[in-house]
Student: 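The following block contains the structure, expressed as structure tokens.
Read the numbers this way: they start at 1 and go in the same order the structure lists the ligands and their atoms. Residues take their numbers from the sequence shown, with the count starting at 1.
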Amino acid sequence: MDRQEMLYLSILADAMLCAALILLWLGQREERHAVYWGLGQLALGFMTVLWVFQPYPPGTWLFHLHRLEILTCFSVGLLLYIQGTQVFLGAPLAWRRLGYGFLSLILLFTLLGNIDRTLSEPLAVLFIGGVLAWAGYRLALRRPVYRLVGAIFLLRGVLNVAFALNLTNHHWLPTLYLLAFFTKTLSMLGLLYVVQHEVRERFPNAMRFLSDGIWVHDRAGKILYANPACVRLFGGDQNDNLQGGYIHDFVHSVTNELLESYYHLLSLPDESFPLCIESVGVGRQGSLFPLEGLISPYWEHGNLLFLVQLRDISARKRQEQLLLSAANVDDVTELASRYALNERLATLTAEGAPCHPHALIFLDLDDFKRINDTLGHPLGDALLHGAGDRLSQLMDDVSCVARFGGDEFVVLLPGASEEGVRELGLQLASAITNSFREPFVLGNMNVVVTTSIGIAFYPEQASDGDMLLRYADSAMYAAKRGGRNQYRVFDDALAKAAHDSLTLDIELRQAMKNKEFSLVYQPIIDVRSGNWCKVEALVRWNSPRLGMVSPDRFIPVAEESGLILPLGRWILQEACRQLGAWQRGENITLANVSMSVNVAAWQLADTHFIQDVEQALQAAGIAASSLELELTERTLIEEDPVISASLQALRSMGVKLALDDFGTGYSSLNYLSRFMLDTLKIDRSFIIDLESNQRCRDLTRHIIGMGKTLGLVLVAEGVETQAQAELLGQFGCEQLQGYLFSRPLPAIELAQQGVVCE
Ligand code: C2E
Ligand code: CA
Ligand code: CA
């Protein structure tokens, strides 16, 4: 083979290898160094061909152009080799430096070529040798896996240097050329190997450095690959390898049947991947730990394989456990929490669960709010803790004692039969009531707290946990209404009331939309003149389905559902509008009365209430002083800051305030002075027995006397007889209201029998 043939062969080999390198790059577009190396070699190959064939006579411009082409191929080849090596070793791309390098080479060799051609050719070869040797050295040094490829490059470089320095014997020249050709081809094949190896290793490398454990197993559970994190996960050290083992040895209770059933799951069409499973991992020393696996199935050479990402979830489980116990235990009393109780009730009453009779005892401490406010929260908490302890002492292991919230406790008590559980429930309720007779020692104080208890039975009365709780709760409220410090069993009467309030609630919502409400007005007379000085607005509901419903029935339901807010707003507006109409002459007899409107605690606790009152007064065009709001003691006892602020605002507007139903609630004189009321309304229950009962008479006289010393206007409600009216007059009561004078009447009827207030 002569030199020319060899050259052709060489450039052909270069072209093929370069194409192979570029193809490798095209596969993933990651191995950019492959392109640089390939094109670099191609450029050098072209340079050699151009160099050897010199078709133009020296000195002509074509000759110079030809030289420039050679020079360009040379510079580009060298720089691309450098660039490829740098990129491969992870050095950043330096295009600007390459640009300078390119210009410098062109400039240097153009100058040299003009000065001395014999010098420029060997120098170019020397440059090439240097760069190739440098690339080989760097490769071998930085990536020892590619030592051999590095060594070949080094050899190639050394050969080039030897040619350049003319160190070779002419005799050996053909052999050396052959050797150079082989080393060049070999080095290119080496580069191909390097690129391909990198591609192949990229996935295992990523796996190796991943912090999560990864394994691949086949259908039989045989582990085909496991990364180091996976080995560590199961307690192995650097020398361990799970490969070849079976997942049965590493994951608790894995059997072939289980795997098969599980593979079946994977083949279902609507299953989405990865599948997440939780299981128990078995460490090398037999230690167990919670394990999470994300499983992705895939096919390889016709085999179904599973790539599983594994993670030790001990920390997460601990956290969950902590949260669960925090959710299950009440931190003030250390009893079961409301959440835990609900869970237990849900299990008890779950569909298909065996029916075990239970009694649910609902307790509420009487007057806890007052104690908590007077003694402060730390002692309040201590009291709750003490109450919880006392309950626990009365319980056996199978009962559940929970703090339901605030000062409410719930005991869930199992029994053998419905009769048995009834008896047990009553016994326990009475034992609790007795045990609360003993005072609690709080700091250096002895405090007696009583409880009101409601009891309901499962499954006799309620079929689910919610219902059971609701029934026991309503029995507890009945016990409270009955005078506290007692227990009450949920019964038919309470069930009826509960049912009624539910129907009422539904009907009320309709009534609001259908405008089924109206107002009636009951006059209040001035004792001395006998004239009307006030009227009390009272709401009426004429339901098309239920007939006339007493406000005593529907107002509490409206309060509970929150419907009292829109309803109360309407009542206020309507009463004010009516008074405005009277004042503007619609009815001369009623032009000077003032209007009393009943207001529920909920309304006062509503932050918009003051605005509502202002709007109602303004729209009706009446003075604030002609409006009186009737509050109950329940409203004042709330001690809600919003209520206090509302009362203050009403006073400063000039609206009058009356305390309704005095004597039925707490009858605390405290409120009378504290809230600077204008009027006190003595409850009808005192008036009924006025004639027959001496004690009642004494009490009424006392209340009137006390009210007067506080500067209050006294109104007696429910006056039905002349005798009552006379007695009240003697006691000094200034205003009277009752059927004796008039029933509450619609505005039109009232006007027809009006007596003017002078
Ligand atoms: P209350 O505020 O104590 O109203 C007086 C109640 O006693 C009225 O019953 C009235 O009709 C009745 N009454 C008046 N004089 C006599 C009498 O001589 N003998 C007898 N036996 N009863 C008499 P009513 O209208 O059924 O109202 C009952 C309760 O419903 C009211 O008691 C009040 O608490 C509530 N209520 C009525 N209207 C409203 C209202 O517009 N808003 C609010 N929040 N509550 C209202
Ligand atoms: Ca009233
Ligand atoms: Ca009243």
Student: Using a strict 4.0 Å threshold on nitrogen-to-oxygen distance, state whether K681 and E536 make a salt bridge.
Tutor: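 The answer is yes: the pair qualifies as a salt bridge.
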Student: Give me each pair satisfying salt bridge (Lys or Arg N to Asp or Glu O under 4.0 Å) with a member in residues 490-502, each pair once, sequence neighbours excluded.
Tutor: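 Checked against salt bridge (Lys or Arg N to Asp or Glu O under 4.0 Å) - neighbours excluded - the pairs reaching residues 490-502 are R488-D491, K496-D500.
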Student: State whether N598 contributes an N/O/S atom found under 3.0 Å from the Ca ion (ligand 2).
Tutor: yes
Student: Table please: side-chain donor-acceptor pairs of residues 569-583 below 3.5 Å, with sequence neighbours left out.
Tutor:
{"from": "R569", "atom 1": "NE", "to": "D612", "atom 2": "OD2", "distance (Å)": "3.0"}
{"from": "E574", "atom 1": "OE1", "to": "R577", "atom 2": "NE", "distance (Å)": "3.2"}
{"from": "E574", "atom 1": "OE2", "to": "R577", "atom 2": "NH2", "distance (Å)": "2.9"}
{"from": "Q578", "atom 1": "NE2", "to": "E586", "atom 2": "OE2", "distance (Å)": "3.2"}

Student: Between R484 and D367, does at least one N-O distance fall below 4.0 Å, as a salt bridge requires?
Tutor: yes
Student: Just to check, does Q737 reach to within less than 4.0 Å of ligand 1 when the distance is taken from its heavy atoms?
Tutor: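 Q737 does not count as a contact of ligand 1 under the 4.0 Å cut-off.
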Student: Of all the atoms in ligand 1, which lie at a distance below 4.0 Å from a heavy atom belonging to G738?
Tutor: 15 (N), 18 (O)
Student: Return a yes/no value for S550: is any of its N or O atoms, backbone included, closer than 3.5 angstrom to an N or O of ligand 1?
Tutor: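 No, S550 has no N/O under 3.5 Å of an N/O on ligand 1.
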Student: Report the name of the N/O/S atom of E536 located nearest to the Ca ion (ligand 2).
Tutor: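 Result: OE2.
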Student: Counting only nitrogen or oxygen atoms and a 3.5 angstrom limit, does Q603 reach ligand 1?
Tutor: no
Student: Please determine whether any non-hydrogen atom of E536 lies less than 4.0 Å from an atom of ligand 1.
Tutor: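 Right, E536 reaches ligand 1.
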Student: Taking 4.0 Å as the limit for heavy-atom contacts, which would you say applies to K681 with ligand 1: side chain only, backbone only, both, or neither?
Tutor: neither
Student: Could you identify the N, O or S atom of E630 positioned closest to the Ca ion (ligand 2)?
Tutor: OE1
Student: Ligand 1 and V539, any nitrogen or oxygen pair closer than 3.5 angstrom?
Tutor: yes
Student: So which bit of T632 gets within less than 4.0 Å of ligand 1, heavy atoms only: side chain, backbone, both or neither?
Tutor: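 It is neither; nothing of T632 touches ligand 1.
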Student: Run the salt-bridge test on R684 and E717 with the 4.0 Å N-O cut-off and return the result as yes or no.
Tutor: no
Student: Would you check if there is a donor-acceptor pair between the side chains of T721 and E691 at a distance under 3.5 Å?
Tutor: yes
Student: Any N/O/S atom, side chain or main chain, of D660 closer to the Ca ion (ligand 2) than 3.0 Å?
Tutor: yes
Student: Is it true that D661 and T632 share a donor-acceptor pair across their side chains at a distance under 3.5 Å?
Tutor: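 There is no such pair (donor and acceptor under 3.5 Å, judged by atom type) between the side chains of T632 and D661.
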Student: Take every heavy atom of R743, measure it against each atom of ligand 1, and state whether any distance is under 4.0 Å.
Tutor: no
Student: Ring of F490, cation from R470 - is the NZ or CZ under 6.0 Å from the centre and inside 45° of the axis?
Tutor: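 Output no; distance or angle outside limits.
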